[in-house]
Colleague: 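Mind having a look at this structure? Questions to follow.
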Amino acid sequence: MKIKCDVCKTEYNLPAKTSGDVRCAICGHTWTVKVKKNRSGLMVFFASLCALLAATVFAVAVIITSRRDDSNNKPLVAVVDDIQTVTTNGVEQMVVRGTVTNRSDDIYAFPDLAIVLYGEDGSIIGRQRFMPSATFLDVGQTVGFTHKLSGDVSGVRRVGVELMNIGDKK
């Protein structure tokens, strides 16, 4: 450890843990040297704590931004909630029920929907487009839809829903 005489400014090198009274060999001035407490452990702890806090804030910001970006990329989400098979006049038909949710901060015109029918191998075997009864989706609003499929549904193994004309903000 380096120390310096307060009077004549002579510098001395002492062992790191030296403490007590020291007398200058040049001017005879005497002063007390105290061992400096090692604060590096405490500093490492606080630095680690700050780094953890910064990483947490960054992660939260990324999550919020990605959610916001996702809602801007896909502001409306359509989901099939229920599929029932009904028989009307001896003809078997599927009734598809689902919801459309507006996840954005804007009001959207309700899009046309298409029920997509998939076969055993996952390929599309049919698509039926229809207009739901709602006209607008307010911010955060979820609206249900019901559509009775026409035609033969015997080969249908899976049903999906597509939004047809997204992007019409009001």
Side-chain angles (χ1 to χ4, degrees), residues 1-83 96-124 127 132 134-145 157-170:
M1 142 172 87
K2 287 188 174 190
I3 62 169
K4 187 186 286 188
C5 175
D6 296 333
V7 176
C8 69
K9 308 300 181 206
T10 303
E11 292 185 9
Y12 297 95
N13 284 325
L14 299 176
K17 301 286 183 180
T18 303
S19 67
D21 291 338
V22 177
R23 184 171 169 213
C24 179
I26 304 299
C27 70
H29 174 68
T30 304
W31 72 97
T32 303
V33 174
K34 295 181 182 176
V35 175
K36 294 182 181 177
K37 292 183 181 178
N38 186 0
R39 295 186 183 174
S40 64
L42 187 59
M43 293 305 283
V44 168
F45 171 75
F46 282 125
S48 300
L49 191 62
C50 289
L52 180 62
L53 180 62
T56 303
V57 169
F58 177 74
V60 169
V62 167
I63 290 169
I64 289 171
T65 302
S66 68
R67 284 184 181 167
R68 186 178 309 128
D69 290 345
D70 190 37
S71 68
N72 289 336
N73 293 335
K74 295 181 181 179
L76 303 180
V77 176
V79 177
V80 173
D81 296 327
D82 183 42
I83 302 168
V96 179
R97 289 183 179 81
T99 57
V100 177
T101 303
N102 181 357
R103 300 186 316 165
S104 75
D105 294 332
D106 294 313
I107 296 174
Y108 275 81
F110 205 104
D112 290 350
L113 299 173
I115 300 297
V116 184
L117 309 172
Y118 297 93
E120 187 76 39
D121 62 354
S123 64
I124 296 175
R127 181 179 272 122
T135 54
F136 293 103
L137 278 169
D138 204 355
V139 175
Q141 184 180 14
T142 298
V143 174
F145 65 85
R157 295 296 174 253
R158 189 169 58 98
V159 176
V161 62
E162 291 179 351
L163 302 165
M164 300 305 293
N165 54 350
I166 301 172
D168 298 336
K169 294 182 186 178
K170 276 296 182 192

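Every heavy atom of this structure was used, including side-chain atoms; hydrogens, water molecules and symmetry mates were not.
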Colleague: Taking the side chain as C-beta and beyond, is there a heavy-atom pair between P132 and L113 under 4.5 Å?
Modeller: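 Of all side-chain heavy-atom pairs linking L113 with P132, at least one is under 4.5 Å.
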Colleague: For D21 and T32, does a side-chain donor sit closer than 3.5 Å to a side-chain acceptor?
Modeller: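 Per modelled atom types, D21 and T32 side chains form a pair under 3.5 Å.
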Colleague: Throw together a table of side-chain donor-acceptor distances under 3.5 angstrom for residues 22-29, partners on residues two or more places apart or in other chains.
Modeller:
none

Colleague: Taking the side chain as every heavy atom from C-beta outward, state whether R103 and V77 have any atom pair closer than 4.5 Å.
Modeller: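 Side-chain contact under 4.5 Å: yes.
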Colleague: Side chains of D81 and T99, heavy atoms from C-beta outward: is any pair under 4.5 Å?
Modeller: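 Counting from C-beta outward, D81 and T99 do come under 4.5 Å.
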Colleague: Going by the rule side chain to side chain contact (heavy atoms under 4.5 Å, CB included), which residues pair with R127 if we only count those two or more places apart in sequence or in a different chain?
Modeller: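 Per chain and number, R127 pairs via side chain to side chain contact (heavy atoms under 4.5 Å, CB included) with A114, V116, I124, E162.
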Colleague: Not counting sequence neighbours, which residues clear side-chain hydrogen bond (donor to acceptor under 3.5 Å, both in side chains) with R157? List them please.
Modeller: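 side-chain hydrogen bond (donor to acceptor under 3.5 Å, both in side chains) list for R157, sorted by chain: E120.
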Colleague: Any heavy-atom pair between the side chains of V79 and V161 that's under 4.5 Å?
Modeller: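 Counting from C-beta outward, V161 and V79 never come under 4.5 Å.
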Colleague: List the atom pairs, with distances to 0.1 Å, where a side-chain N or O of residues 135-145 and a protein N or O form a donor-acceptor pair under 3.5 Å, not counting sequence neighbours.
Modeller:
unit_1	atom_1	unit_2	atom_2	d
Q141	OE1	D138	N	2.7
T142	OG1	T101	OG1	2.9

Colleague: Please give me the minimum heavy-atom distance between N102 and D106, naming the atom from each residue.
Modeller: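 Reported closest heavy-atom pair: ND2-O, 2.7 Å.
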Colleague: Looking at L76 and P111, what are the two nearest heavy atoms and their distance?
Modeller: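 Heavy-atom minimum between the residues: CD1-CD, 3.8 Å.
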Colleague: Tell me every residue that passes side chain to side chain contact (heavy atoms under 4.5 Å, CB included) with D121, counting only those two or more places apart in sequence or in another chain.
Modeller: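 Partners of D121 under the side chain to side chain contact (heavy atoms under 4.5 Å, CB included) test: S123.
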Colleague: Considering residues at least two apart in sequence or located in another chain, which fulfil the side chain to side chain contact (heavy atoms under 4.5 Å, CB included) criterion with R97?
Modeller: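 Expected list: D82, Q84, V95, T146.
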Colleague: Minimum heavy-atom separation for W31 to C5, with atom names?
Modeller: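 Closest pair (atom of W31, atom of C5, distance): CH2-CA, 3.5 Å.
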